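Because the structure is predicted, anything quoted here is derived from the model rather than measured.
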Amino acid sequence: MPTLRSRAAPSPSSPASSATPPSLHSRVHSTSPTTVSSCRKLSVPLSLLLSVLPPSTFLLNLFSFVLYPTAASRELVCVSQYLYKFTDGGKEKGTPYPLMSVTAKKMTSPSSLLELLYLTSQNATILQLSIPDKSSYYSFSSSEELQLFLDTVKSLRQEAVKREMGHSTLPLTPAEERLDREGRTKWERRQRVRKRVMEGEMKGRDEATERLLS
């Protein structure tokens, strides 16, 4: 009867045991992105409720006693057809956004109590970053830095549209092509999960689901 042979484990000095796959953060930066924007993501409890209330000064005074926005350091990077979000430690946050689905603008006049709260509590320039099903808010230290980010998003989004139509003349590197494939897979998975959540097939939303939908 034939016997099973166990495969010998790689020695500590072998490449298979010592090589560590590069992180997404390092692979994104290896493409030499045009702009790497350091900012702070704003959040506040009851944000869904505040987002549907009108930008009333009376309501602002009422809620400001118990609610105050928090700000977490973030890094926004655009590469090829996707927008990536990282912590200041290089950890990926949420799903990459396809630039063709992104709307980015400087927030000047609030359309909700949530936006009014952000504008009055932050001594900074605020970005509203939206995809079809949600909006996020980021504070930038200067208008110049925010404008550079907005210009980058606009330029790359136009190029992404051209590439989708087959009119782009700018070739992608193998690293960019791989990132685009991975980004597309993650985005499609996010959309499938969101559809299941909206249809009520998923009872409750665990931490992993919240990260995916962010």
Side-chain angles (χ1 to χ4, degrees), residues 24 28 37-55 59-60 63 67-88 91-122 124-140 146 149-150 152-154 156-157 160-161 179-180 182-214:
L24 176 64
V28 165
S37 300
S38 297
C39 53
R40 298 174 71 82
K41 184 181 181 183
L42 304 176
S43 59
V44 66
L46 304 178
S47 59
L48 288 178
L49 171 62
L50 299 178
S51 66
V52 298
L53 293 176
L59 291 176
L60 176 67
F63 279 96
L67 299 177
Y68 192 81
T70 59
S73 296
R74 290 289 184 268
E75 184 182 86
L76 303 179
V77 189
C78 296
V79 172
S80 186
Q81 301 183 71
Y82 286 85
L83 167 66
Y84 300 86
K85 307 164 301 246
F86 298 101
T87 66
D88 55 0
K91 179 181 178 181
E92 182 183 17
K93 295 298 292 184
T95 301
Y97 293 163
L99 288 170
M100 289 192 297
S101 299
V102 168
T103 301
K105 64 179 182 179
K106 178 181 178 181
M107 191 167 67
T108 54
S109 57
S111 60
S112 68
L113 182 59
L114 176 65
E115 294 182 357
L116 179 61
L117 181 64
Y118 286 155
L119 280 173
T120 56
S121 64
Q122 298 292 315
T125 305
I126 298 180
L127 162 74
Q128 180 182 0
L129 185 67
S130 302
I131 54 176
D133 62 316
K134 69 172 296 184
S135 292
S136 301
Y137 300 87
Y138 298 83
S139 64
F140 280 67
L146 173 55
F149 174 79
L150 293 176
T152 300
V153 169
K154 180 180 179 180
L156 290 181
R157 184 170 53 207
V161 171
L179 287 170
D180 280 353
E182 294 175 0
R184 185 178 304 109
T185 298
K186 292 177 181 179
W187 176 255
E188 291 173 350
R189 177 169 177 255
R190 178 194 186 275
Q191 297 305 84
R192 289 195 300 269
V193 170
R194 177 177 176 270
K195 182 179 179 180
R196 291 172 58 195
V197 170
M198 297 297 292
E199 292 175 349
E201 295 180 7
M202 298 179 65
K203 305 300 182 182
R205 288 164 59 162
D206 57 19
E207 184 179 348
T209 303
E210 293 291 349
R211 286 199 305 268
L212 182 66
L213 296 178
S214 66

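- Looking at heavy atoms from C-beta onward, S73 lies out of side-chain contact with S38 at the 4.5 angstrom threshold.
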For this session: Take L179 and L24 through the side-chain contact (heavy atoms from CB on, under 4.5 Å) test and state the conclusion after the steps.
Result: CA-CA 9 Å; L179 287 170; L24 176 64; 3.6 Å; yes
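- Under the 30°/60° scheme for interplanar angles, the aromatic rings of Y97 and W187 are found to stand perpendicular.
- Using bins of under 30°, 30° to 60° and over 60° for the plane-to-plane angle, the ring pair F86/Y84 lands in the parallel bin.
- The OH atom of Y118 lies 9.0 Å from the OG atom of S112; values are rounded to the nearest 0.5 Å.
- Of the possible polar contacts, one joining the R40 side chain to the A71 backbone as a donor-acceptor pair under 3.5 Å is found.
- Within the 4.5 Å cutoff, no side-chain heavy atoms of V153 are placed close to those of L129.
- Between the side chain of R157 and the backbone N or O of V102 there is at least one donor-acceptor pair closer than 3.5 Å.
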For this session: Assess whether side-chain contact (heavy atoms from CB on, under 4.5 Å) is satisfied between I131 and R190, documenting all intermediate values.
Result: CA-CA 12 Å; I131 54 176; R190 178 194 186 275; 3.5 Å; yes
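- Counting heavy atoms of neighbouring residues, nucleotides and ligands inside a 6.0 Å radius, atom NZ of K106 does not exceed 12 of them.
- Here the side chains of P55 and E115 are not in contact, with every heavy-atom distance at 4.5 Å or above.
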For this session: Walk me through it: do K186 and E92 pass the test side-chain contact (heavy atoms from CB on, under 4.5 Å)?
Result: CA-CA 12 Å; K186 292 177 181 179; E92 182 183 17; 3.2 Å; yes
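- Under a 3.5 Å cut-off, the side chain of Y82 and the backbone N or O of R184 do form a donor-acceptor pair.
- Between the side chains of S135 and S130, at least one donor N or O lies within less than 3.5 Å of an accepting N or O.
- Note: S139 OG to L146 CG = 10.5 Å, rounded to the nearest 0.5 Å.
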Exercise. How far apart are the C-alpha atoms of L116 and L59, what are their side-chain angles, what is the distance that settles it, and do they pass the side-chain contact (heavy atoms from CB on, under 4.5 Å) test?
Worked result: CA-CA 10 Å; L116 179 61; L59 291 176; over 6 Å; no
